[in-house]
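The structure appears below as C-alpha coordinates.
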Amino acid sequence: MPTVGPSVQEIRIHTGLEHRVFYVAKFTEGVYVLHAFEKRTRKTSKRDMELARDRFRVLVMRRRTESSKKR
(Lines give C-alpha, C1' and ligand atoms only; values in the text may rest on other atoms or scores of the structure.)
Protein backbone atom coordinates (compact mmCIF):
# COMPACT_ATOMS: atom_id res chain seq x y z
CA MET A 1 0.00 0.00 0.00
CA PRO A 2 2.55 2.60 -1.16
CA THR A 3 -0.03 5.40 -0.93
CA VAL A 4 0.12 5.00 2.87
CA GLY A 5 3.87 4.47 3.15
CA PRO A 6 6.76 2.33 1.99
CA SER A 7 6.49 -1.31 3.12
CA VAL A 8 2.88 -0.89 4.27
CA GLN A 9 0.81 -3.96 3.42
CA GLU A 10 -2.93 -4.54 3.28
CA ILE A 11 -4.97 -7.53 4.37
CA ARG A 12 -8.41 -7.91 2.82
CA ILE A 13 -10.89 -9.90 4.85
CA HIS A 14 -13.99 -11.14 3.06
CA THR A 15 -16.88 -12.06 5.31
CA GLY A 16 -20.41 -10.86 4.67
CA LEU A 17 -18.75 -7.43 4.66
CA GLU A 18 -15.37 -6.16 3.49
CA HIS A 19 -12.68 -5.38 6.05
CA ARG A 20 -9.20 -3.96 5.56
CA VAL A 21 -6.13 -3.90 7.78
CA PHE A 22 -3.09 -1.75 6.97
CA TYR A 23 0.08 -2.94 8.68
CA VAL A 24 3.87 -2.70 8.64
CA ALA A 25 5.84 -5.90 9.19
CA LYS A 26 9.23 -4.54 8.16
CA PHE A 27 10.45 -3.75 11.64
CA THR A 28 12.28 -6.44 13.61
CA GLU A 29 10.61 -5.69 16.94
CA GLY A 30 7.10 -6.43 15.74
CA VAL A 31 4.21 -5.90 13.40
CA TYR A 32 2.51 -2.52 13.61
CA VAL A 33 -1.19 -2.30 12.74
CA LEU A 34 -1.80 1.20 11.42
CA HIS A 35 -5.53 1.00 10.81
CA ALA A 36 -8.32 -1.57 10.57
CA PHE A 37 -11.76 -0.73 9.24
CA GLU A 38 -14.91 -1.97 7.58
CA LYS A 39 -15.21 -0.96 3.97
CA ARG A 40 -18.70 0.00 2.82
CA THR A 41 -17.96 1.35 -0.66
CA ARG A 42 -15.70 0.28 -3.52
CA LYS A 43 -13.22 3.08 -2.85
CA THR A 44 -11.25 3.42 0.38
CA SER A 45 -12.27 6.67 2.02
CA LYS A 46 -9.92 9.63 2.12
CA ARG A 47 -10.28 9.70 5.91
CA ASP A 48 -9.11 6.08 6.25
CA MET A 49 -6.12 6.67 3.98
CA GLU A 50 -5.11 9.87 5.80
CA LEU A 51 -5.44 8.22 9.19
CA ALA A 52 -3.18 5.33 8.16
CA ARG A 53 -0.65 7.75 6.59
CA ASP A 54 -0.59 9.90 9.74
CA ARG A 55 -0.08 6.87 11.97
CA PHE A 56 2.74 5.64 9.72
CA ARG A 57 4.44 9.04 9.91
CA VAL A 58 4.18 9.08 13.72
CA LEU A 59 5.57 5.54 13.91
CA VAL A 60 8.58 6.41 11.76
CA MET A 61 9.30 9.59 13.76
CA ARG A 62 8.97 7.72 17.08
CA ARG A 63 11.37 4.99 15.92
CA ARG A 64 13.92 7.60 14.78
CA THR A 65 13.71 9.40 18.11
CA GLU A 66 14.12 6.17 20.07
CA SER A 67 17.08 5.01 17.98
CA SER A 68 18.87 8.35 18.41
CA LYS A 69 18.42 8.13 22.20
CA LYS A 70 20.09 4.71 22.27
CA ARG A 71 23.29 6.08 20.71
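Side chains included, hydrogens not; waters and symmetry mates left out as well; all remaining heavy atoms used. Since the structure is predicted, the reported quantities are computational estimates derived from the model, not experimental observations.
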How long is the gap from [atom1] on [X] to [atom2] on [Y], to the nearest 0.5 Å?
{"X": "Arg64", "Y": "Leu59", "atom1": "CZ", "atom2": "CG", "answer": "10.5 Å"}
{"X": "Phe56", "Y": "Phe22", "atom1": "CZ", "atom2": "CZ", "answer": "13.0 Å"}
{"X": "Leu17", "Y": "Arg40", "atom1": "CG", "atom2": "CZ", "answer": "8.0 Å"}
{"X": "Arg53", "Y": "Thr3", "atom1": "CZ", "atom2": "OG1", "answer": "6.0 Å"}
{"X": "His35", "Y": "Glu10", "atom1": "NE2", "atom2": "CD", "answer": "11.0 Å"}

Please give me the minimum heavy-atom distance between His19 and Thr15, naming the atom from each residue. CE1-OG1, 3.6 Å
Taking all heavy atoms of Lys43 and all of Thr41, pick out the closest pair and write down the distance.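 That closest heavy-atom pairing would be O-OG1, 2.8 Å.
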Honestly curious: do [X] and [Y] fall in one hydrophobic cluster under the side-chain, below-4.5 Å linking rule?
{"X": "Val24", "Y": "Phe37", "value": "yes"}
{"X": "Tyr23", "Y": "Ile13", "value": "yes"}
{"X": "Val4", "Y": "Val60", "value": "yes"}
{"X": "Phe27", "Y": "Val33", "value": "no"}
{"X": "Val21", "Y": "Val31", "value": "yes"}

Listed once per pair and sorted, the salt bridge (charged side-chain N to carboxylate O under 4.0 Å, His left out) pairs that draw on residues 23-36, sequence neighbours left out: Glu29-Arg63
Using modelled atom types and a 3.5 Å cut-off, is there a donor and acceptor pairing between side-chain atoms of Lys46 and backbone atoms of Met49?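 Not confirmed, Lys46 side chain does not pair with Met49 backbone.
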What I want to find out is whether Glu18 reaches Arg12 closely enough, with some N-O distance under 4.0 Å, to be called a salt bridge. no
Taking only residues two or more places apart in sequence or in another chain, which ones pass side-chain hydrogen bond (donor to acceptor under 3.5 Å, both in side chains) with Gln9? none
